[in-house]
Amino acid sequence: MAFYQTPPELGNTYAGDDVLRRYLRNTLSGDVLGRVDAELTEIGELAGGELYRESLVTYRDEPRLEQWDAWGHRVDAIELTPLWRKAQRIAAEKGVVATAYEKKSGALSRVHQFSLVYLVEPSWHVYSCPLAMTDGAAKTLLVSKNQALIERALPRLTSRDPETAWTSGQWMTERTGGSDVAISETIARPVPGESGVFTLHGTKWFSSATTSQMALTLGRPEGNPPGGPGLALFYVEVRKADGTMNNIAVNRLKDKLGSRMLPTAELTLDGARAIAVIGDKDGIKNITPMLNITRTWNSVCAVAGMRRGLALAKDYARRRVAFGAPLSEKPLHVDTLAAMEAEYEGAFLLAFRAVELLGKEECGELTEAEAALLRLLTPIVKLVTAKQGVAIASECLEAFGGAGYIEDTGLPRLLRDAQVLPIWEGTTNVLSLDLLRVLAKGGNIQPIVREVHACVGGADASLREPAEAAVRAVEHAGAWLLRTLESGGPSAVEAGARRLALTLGRALELALLVREATRSKPFGDDAKPAAAARRFCRNGVDLVLDESIAHDARTLFDGQ
Ligand SMILES: Cc1cc2nc3c(=O)[nH]c(=O)nc-3n(C[C@H](O)[C@H](O)[C@H](O)COP(=O)(O)OP(=O)(O)OC[C@H]3O[C@@H](n4cnc5c(N)ncnc54)[C@H](O)[C@@H]3O)c2cc1C
């Protein structure tokens, strides 16, 4: 008999997830847990069953753009893949956005919602992208207090009815850039006689989920000065009431490395009718709630991808025999996966800590200290988890050997889809600079230092090494910041911003692992989080370098 390898299997993604289940038990009250448990079981069944199987066989499917009809009319219709059409229905019915707005679990509603996201995300080929922007648009409209727009769009954005549910786009990036949006070229012309109504003229260079019914976007009202504050935030419906495009042309779909079921388009706005959301300036400031939400989705999706890769790699290790034994019996393979598991568990706890704070903020339960912590964490959590997501996805593919490189195993997609996470919603560097901006606006890293201390307090002797390493790393980061500002000035701090952000994020991940082990002890299941804390500590936490190393950067960049 010839040998055929049995493939890895994925069961119910909730039932098999010890990390999520432990976290929820430690975080939710008994009655909230009782209520969400059934929903998570259902979505876990779909994600590990029907959707997973379909995601494997449809990996080649892509959306298609039809620009013209048979009679020469410009139609710009995008046909989604069958998997995405199914995802659309499931997302609405399971309330993957709505849960956050119904607030049935109070301040923990975000934990409830993001548990759903986390369980399902890797099975629907990045359908979380339009949902993230939908959630972000709903939040931004609520914050804007624009009653007319709230009444029109919010019930649709948060609907559980697939027939009436809307999704939203977020059109910020232009050919001039996605990080430096202040130099955007889109012009907004007021429509005479209609207060607050404009037509938009310009090009949007990356617009994901172009099949959405609406978008929030930026444009510069005529006569406004150049620069960020001169841009305003606009609400645009993609189609007119008669179904034709709102003077928006879809020029082409991007040919991307990953997220290939996600239609990401280049658009020309040639007089698109738009409504100013809040006044006619400060658009970058006013779209911030959207970015905070999409960055949180990004972090949870990064963690979800890591979980998926590891779940498959561990299952495979038990099935794949090499050199006389399953890989799960080979000490070096086990050690390799253990290092990855520790990274994932730290990332999971950090992402969900940010989720908890977001939920409290939305229920008016955030203390001032927690608000300061959340401001620092929003950029840090996104950038740290995204980087871990790419590294873990890459290692997961290697854990399958050659099979990890072959498309119809479904594995290469994990790496390709992870690679976008550090790019969109703010690159690693741009978010590191965001952190510096928070610090420059009178913030300091003390909220993180305090959080680390709070997490490691109560740790027992077996956790002394990780607890001390977390504290040492944040204290080193703080000392570096003060010293560098004094000796090298702002440009020296800027050069080290990424290392600073990564160190703060990793130190907090480590501290949260220590806390998870400590609070799991009464339940008698602290062995795994404690082992994760000790291993994460050895993976390395403190990336801050002294200035002499940083000075070499110019030499290395210029060459010679
Ligand atoms: C699949 C996909 C979908 C997307 N969908 C959308 C969408 O729906 N809506 C939308 O608006 N955008 C979207 N984007 C665009 C995305 O948000 C931008 O590509 C991203 O913000 C980076 O902008 P950029 O491409 O202009 O890169 P740049 O801003 O040119 O950055 C290039 C490099 O320079 C670095 N850099 C930039 N400024 C600095 C600085 N001051 N200091 C140090 N380093 C710096 C960056 O970190 C990066 O490494 C999408 C992108 C992708 C890949």
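Every number for a ligand or one of its atoms is a count from 1 in the order of the listing.
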Pick from [options]: the one approaching [atom] most closely through a non-hydrogen atom:
atom                    : options                : value
atom 28 (P) of ligand 1 : S179, G426, C129       : S179
atom 46 (C) of ligand 1 : L421, T427, L257       : T427
atom 5 (N) of ligand 1  : A497, S432, S259, S208 : S208

Atoms of ligand 1 less than 4.0 Å from [X] heavy atoms?
X    : answer
G178 : 21 (O), 23 (O), 24 (P), 26 (O)
V420 : 1 (C), 53 (C)
L433 : 40 (C), 41 (N), 42 (N)

message: Among all the protein's non-hydrogen atoms, which is closest to atom 2 (C) of ligand 1, and how far away is it?
response: W424 CE3, 3.6 Å
My question is simple, although I want it checked carefully: is [atom] less than 4.0 angstrom from any protein heavy atom?
atom                    : answer
atom 26 (O) of ligand 1 : yes
atom 30 (O) of ligand 1 : no
atom 49 (O) of ligand 1 : no
atom 33 (C) of ligand 1 : no

query: Hey, does I423 sit under 4.0 Å from ligand 1 if you only count heavy atoms?
result: yes
- request: Could you tell me whether M172 and ligand 1 have an N or O pair separated by under 3.5 Å?
  value: yes
message: If only side-chain N and O atoms count, and only distance matters, is there a donor-acceptor pair under 3.5 Å linking R110 with Q113?
response: yes
field: N/O donor-acceptor pair under 3.5 Å between N247 side chain and G271 backbone
entry: yes
query: Quick one: are the ring centres of F114 and W297 less than 6.0 Å apart?
result: yes
